[in-house]
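Both counts, for ligands and for their atoms, begin at 1 and track the order of listing.
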Amino acid sequence: MKRAPQAELLRELPAIGQLVQLSALANLPPSVRQEAAHQAVAEVRAAVLAGSLVKLPTEAQWLARIRARAEILMGGALRRVLNATGVVLHTNLGRAPLATAAVRATASRAVGYSNLELDLEEGVRGSRHAHVSAQLRHLTGAEAALVVNNNAAAVLLAAAALAPGGQIVVSRGELVEIGGSFRVPEVIVQSGAQLREVGTTNKTHAADYEAAIGEQTAMLLKVHQSNFRQLGFTASVEVEELAELAHRHDLPLMVDLGSGVLVDLAARQIAQEPTVTSCLRQGADLCTFSGDKLLGGPQAGIIVGRAQYLERLRRHPLMRALRPDKLCLAALSATLALYARPEQAWAEIPVLEMLGRAPELLARQARLMARALRPLLPGLPVAVEADRSEAGGGSLPGALLPTSVVALGPHPRLEALAAALRRGEPAVLARISGQRLRLDPRTLSDEERRQLPKLVQAAWQAIQMPTP
Ligand SMILES: *Cc1c(COP(=O)(O)O)cnc(C)c1O
């Protein structure tokens, strides 16, 4: 009987003891060498079993695999990525890149000590929240402000502090999933509060809220439809009317805004999105939003609103578990400082700069990229095409951001090229659609656009060689 080639390959897999003896690996610590070799063999065995590998690696290829594993074991796997997708707040790519001022402030507070919890005037213990709360109050018009680890934490803390054992009334049209595993209803259940759902998926009226309010009611909640749009036969209750209703019953209204917009996006024809200030003006008692979505700062959850409620949040035991660290506060404070002058915010906060980049500028940037790429990619068509970028990060659904992209292809190996780009150093993430690999200049800085041609060339050359 003929032996299955798979079984033969498995039998011929080298022993780990044999691989760790390779002299080219002598500079690795012994435990790293052992573990990396173990992982490389397991990886190859799995590939053989899956049928994706029909030939065992050569010695050079084993060395490359073991070295790649060793690098991750010693240095971690969080790497630099050039975002050529045109998705500004790419959740998988760390959402908002920070402004230079925020990076500098973070580095400076990181390298030395800071007055994180010290009142320098009086020489007594201070609050870590004091540093950014004055800025947030000034920028939003709120009475008080508080920062936690992220917006999910903000919603959790507010529900736990203001509605323990009570009911939170929310529309069935707003029980949203944000992405990853964040579902508004599930977070609220974790707080110990109960959800009281009202209305239907497409329509909720003020009377629905009114009918649900009773002894048990602790708060009304409105969740901004930040990552989807409802069209057609729909109705929801505006913040103003909901606030009036809540206050008539002596209840707080919380609005989970998702993205924290502090500038006028409509004035730049980007999107109609409520600002934090307008939400408070319409009567919301608390507004929660992320630091790293449209605000363009570090990962953080920001809660602004009435002092009497925020004081209860501040004193809640969960506050300690959800509090932001000094690096986050340094980056957030420096980002907020740029908002003191809106022109400066638009120019220096990368998220705003990218969203606001003019179509003519993007077209010029795409043409320059194409010109640099053409001579480096023999056999691959290079063109400039009109396209659309996205805000991403569950923000501004439906916003149309006209752009120009460099379109590579058609070519049968575009998927392989995209994979080779991801393996580059730094990695490059691109988008494939319509049989073209698309590189959008919108989400690339000047320096990254200069770096890109060499990275694409290296990836293109890598896939011309036989695969390891
Ligand atoms: C994004 C979002 C959240 C979660 O914010 P994180 O900062 O990612 O925790 C919560 N609510 C809404 C409406 C959102 O859009």
Answer with yes or no whether the side chains of [Y] and [X] bring together a donor and an acceptor at under 3.5 Å.
X: Gln39; Y: Glu35; result: yes
X: Thr204; Y: Arg172; result: no
X: Arg442; Y: Thr403; result: no

Counting only heavy atoms not in [X] (residues, nucleotides, ligands), do more than 12 fall under 6.0 Å from its [atom1]?
X: His249; atom1: NE2; result: yes
X: His38; atom1: NE2; result: no
X: Glu71; atom1: CD; result: no

Shortest non-hydrogen contact between Tyr309 and Pro252, atoms and distance |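 Minimum heavy-atom contact is CZ-CB, 3.5 Å.
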
Selection from Leu89, Thr288, Asp256, Thr91 by shortest heavy-atom distance to atom 11 (N) of ligand 1 =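 The residue whose heavy atom sits nearest atom 11 (N) of ligand 1 is Asp256.
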
Counting heavy atoms only, which of Gly258, Gly260, Gly291 comes nearest to atom 12 (C) of ligand 1?
->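 Among Gly258, Gly260, Gly291, the closest heavy atom to atom 12 (C) of ligand 1 comes from Gly258.
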
What do we get for Gln299 next to ligand 1 when only non-hydrogen atoms under 4.0 Å count, side chain, backbone, both or neither?
->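 For Gln299, there is no contact with ligand 1 at all, from either part.
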
When only distance counts, is [X] in polar contact with ligand 1, meaning an N/O pair under 3.5 Å?
X: Ser259; result: no
X: Ala152; result: yes
X: His224; result: no
X: Asn151; result: yes

Arg95 touching ligand 1 at heavy-atom level, < 4.0 angstrom |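 Judged by the 4.0 Å heavy-atom criterion, Arg95 does count as contacting ligand 1.
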
Ser290 heavy atoms, cut-off 4.0 Å: which ligand 1 atoms fall inside?
->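 Ligand 1 atoms under the 4.0 Å threshold to Ser290: 5 (O), 6 (P), 7 (O).
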
